[in-house]
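Worksheet: the structure to be examined is printed underneath.
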There are 2 protein chains.
Amino acid sequence: MASKSAPRATYAEIAKTAGVSEATVSRVLNGDENVHPDRTKAVNAAVKKLGYKKHRAASALASGRTGLIAVVIDDDLSIFADPFWATVTSGISRVLMENELQTLLMVTPLESVDGPVAHYLMGGEVDGAIFFQLHKDALIKRLRKQNLPIVITGTPHSRSDFPFVDTDSFGGAHAATKHLFSRGCRQVGIITGDIDTTAGAARLDGYNQAYRESGHVPSKKLIASGDWSMESGRAAMARLLEKAEGIDGVFASNDLMAVGAMAAIEEAGLRVPEDIKIIGFDDSVVAQTARPALTSVRQDIVALGEAAAELMIAQLRGEEVQPRILKSELVIRETT
Amino acid sequence: MASKSAPRATYAEIAKTAGVSEATVSRVLNGDENVHPDRTKAVNAAVKKLGYKKHRAASALASGRTGLIAVVIDDDLSIFADPFWATVTSGISRVLMENELQTLLMVTPLESVDGPVAHYLMGGEVDGAIFFQLHKDALIKRLRKQNLPIVITGTPHSRSDFPFVDTDSFGGAHAATKHLFSRGCRQVGIITGDIDTTAGAARLDGYNQAYRESGHVPSKKLIASGDWSMESGRAAMARLLEKAEGIDGVFASNDLMAVGAMAAIEEAGLRVPEDIKIIGFDDSVVAQTARPALTSVRQDIVALGEAAAELMIAQLRGEEVQPRILKSELVIRETT
DNA sequence: CGATTGCGCGAAACCGCTTTCACGAAAAGG
DNA sequence: CCTTTTCGTGAAAGCGGTTTCGCGCAATCG
């Protein structure tokens, strides 16, 4: 199909022009210490002169290392439309590239432990896999058993020792809630995300903790559950307005729900932030485009991706790795 | 590193259990017609029995086909945070996977014609490349010359015969502008995107065309330029309000600028849609979260990705391909 | 100073699949 | 019935690196 205009250089040529054996070329190109400096120099010179680039497939075949890291999004397409994941991915990609690794993107529900993706991952086609939005971890366990380096983005449900990276949801929610109190709110409600997700649960925990520290007890009436969507935020806020009289502050577990809540408040004839103050989570575009602009908990999403990639690379090097939790930060705008 | 618990099956074993030669196994597995049905059956049975999966690297080395398609985003990380590109990518990924191809993601500025990415692409590491957000096409031309199948997402600047896919920007802008007139607007302005981009120019053209069809001539005062950002939309709208008295409708070339414009209108003490009607482009999340909810031109972004992948696959098959322009559609909400 | 150790290096096997080549058998032609 | 094609097939030569193995040589030891 693709005819190569410039027939790429091979070890054979490098070996010849450098006056060494192919074995030595390989040693130099793979950073083997035990090569005489002179030869190393000769090889490097030949490499540069010939504009040599290693042939991945050949290298992979011989060494078993493909130089490919899969980024697996265990969901259908829609999830990837969330800028969050795209941003994480770009962070991953950058770090991987710097380390001579390529990012293989797989957006697909991981139905079964032996679906096509599973086979792909277990078939040694990649050197490691980074998971987003993991639903069940049966597959992961299998992969782990095969010594496939794994990193999970987001806190996994099971208490297993999977390497993972995540934002400090608890801390962010805690800070947000505290900020609402410090701004004079007395009755602070929360709109939770899907409680089955670890992030949803952690944000609720952070809220509860901050509430207790303020010396009060959060009434059940102040807690309304959503599912991360704008519409669910609007509905949850409507319920709060009805049940929790005197509510004057709301921590929404993500920006989309916060915007929904703002709509509900407006519909009820109240004003943000005068009557009710609002904080979101994620500091996404919608936080910035909302009017009034939404105070939100920012996570450094690119850094999250970078951390994931770094954890992967550490594993590839055979190092032991610890989960990494990234700090979050409150960005104060006009809704508080 | 990764010790394989189950040492994968090879052609040798399949050949033995099927009672044929490795060559025949290869033929069957690659869809060669000239194999006796009996042997084909035997091979397929053996494959299933042994749970065989082809070893990509080996296959790639021998055949020169890697099964990898690069998705190259010629920009820094930030661009990928735009849900637009992520969504396109997910569409691409889905179609590629269905065709046994994998998506290799490369997010990086394509500085030069012989940067690392360029070499990577020219080095036969991938079977094809799909480009986003292409800045200059020197590299593309080179790749094309090497017979590397290429697809560009978005309309390329040069009139070259690159296969590309795009949304009908002209048509969308045209429909949006017409809609504003039909809603009773008399003085319809436009906030353009970056005019140097083909999309920016096409949207302006569509606006002009619709204006002329309405029997009027668009005054220069009604045209303000932005750069796709919310802030630029706000500034552009402020200028329009100042210069173009009587303006009662605005087509913003994307949603972000539309939202910025709405903010400016509100700041000026006017109301949307009563005083000024607004239409955006993209139908992104912000269009849905804006209050009032923004009327916008929707493009089927996933389909755009799918079309890109299909064009790639067609080229891989050696077929001639035509550019593909996808229809856009007006989604009417509360701002018109 | 002979024996042992260790270092640097090349020969060659190998990774798993693809593809060319040539050969025997069956089909077609005379 | 014999020759010429056609068809199906296996043997074997790669594809381009990596890695094991063992050899010569110099440094170290007793």
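Per chain, numbering begins at 1; letters A, B, ... match sequence-line order.
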Figure out the [atom1]/[atom2] separation between [X] and [N], and round it to whole Å.
X: B/Glu125; N: D/dG16; atom1: CD; atom2: C1'; result: 12 Å
X: A/Ile14; N: D/dT18; atom1: CD1; atom2: C1'; result: 14 Å
X: B/Tyr11; N: C/dC15; atom1: OH; atom2: P; result: 16 Å
X: A/His55; N: D/dG14; atom1: NE2; atom2: P; result: 17 Å
X: B/Leu61; N: C/dT19; atom1: CG; atom2: P; result: 11 Å
X: A/Asn30; N: D/dG17; atom1: CG; atom2: P; result: 11 Å
X: A/Arg65; N: D/dT19; atom1: CZ; atom2: C1'; result: 11 Å
X: A/Arg8; N: D/dG16; atom1: CZ; atom2: P; result: 8 Å

Sequence-distant partners of A/Ala314, side chain to side chain contact (heavy atoms under 4.5 Å, CB included), two or more places apart: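 Side chain to side chain contact (heavy atoms under 4.5 Å, CB included) check on A/Ala314 returns A/Glu319, A/Val321.
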Test item: [X] and [Y] side chains (from C-beta on) under 4.5 Å apart, heavy atoms:
X: A/Trp85; Y: A/Val71; answer: no
X: B/Phe164; Y: B/Thr198; answer: no
X: A/Arg144; Y: A/Pro163; answer: yes

Produce the list of close N/O pairs, under 3.5 Å, pairing protein atoms with atoms of nucleotides 23-25 of chain D; give distances to one decimal.
none

Which nucleotides of nucleotides 9-14 of chain C have their base under 4.0 Å from a protein heavy atom (B), which only their sugar-phosphate (S), and which neither (-), written as one string 5' to 3'? BBB---
A/Thr10 near the nucleic acid: base, sugar-phosphate alone, or nothing, with a heavy-atom cut-off under 4.0 Å?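 Sugar-phosphate, no base atom in range.
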May I ask you to list the residues of residues 43-50 of chain B, by number, that have any heavy atom positioned under 4.0 Å from an atom of DNA chain C?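 Heavy-atom contacts with DNA chain C come from no residue of residues 43-50 of chain B; none.
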Please compare B/Ser63 and A/Ser63 by the position of their nearest nucleotide in DNA chain D and report the one closer to 5'.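 Counting from the 5' end, the first nearest nucleotide belongs to B/Ser63.
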Tell me whether the side-chain N/O atoms of [X] come closer than 4.0 Å to OP1 or OP2 in [N].
X: A/Tyr52; N: D/dG16; answer: no
X: A/Ser59; N: D/dG17; answer: no
X: A/Arg56; N: D/dC15; answer: no

Quick check against the 3.5 Å criterion: does [X] have a side-chain atom that pairs as donor or acceptor with the backbone of [Y]?
X: A/Asp127; Y: A/Thr66; value: yes
X: B/Thr167; Y: B/Gln299; value: no
X: A/Asn30; Y: A/Asp32; value: no
X: B/Ser63; Y: B/Ser59; value: yes

Give the C-alpha distance, both sets of side-chain angles, the deciding distance and a yes or no for side chain to side chain contact (heavy atoms under 4.5 Å, CB included) between A/Leu68 and B/Arg56. CA-CA 12 Å; A/Leu68 262 33; B/Arg56 285 236 178 210; over 6 Å; no
Which value, rounded to the nearest 0.5 Å, describes the distance between B/Thr40 atom OG1 and B/Glu33 atom CD?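 Atom-to-atom, B/Thr40:OG1 and B/Glu33:CD are 9.0 Å apart.
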Please identify each residue that fulfils salt bridge (charged side-chain N to carboxylate O under 4.0 Å, His left out) with A/Arg324, with sequence neighbours left out.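 So A/Arg324 forms a salt bridge (charged side-chain N to carboxylate O under 4.0 Å, His left out) with A/Glu310.
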Within residues 15-52 of chain A or reaching into it, pairs that qualify as ring-ring contact (aromatic ring centres under 6.0 Å, His included) - sequence neighbours excluded: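 Matches after skipping sequence neighbours: A/Tyr11-A/Tyr52.
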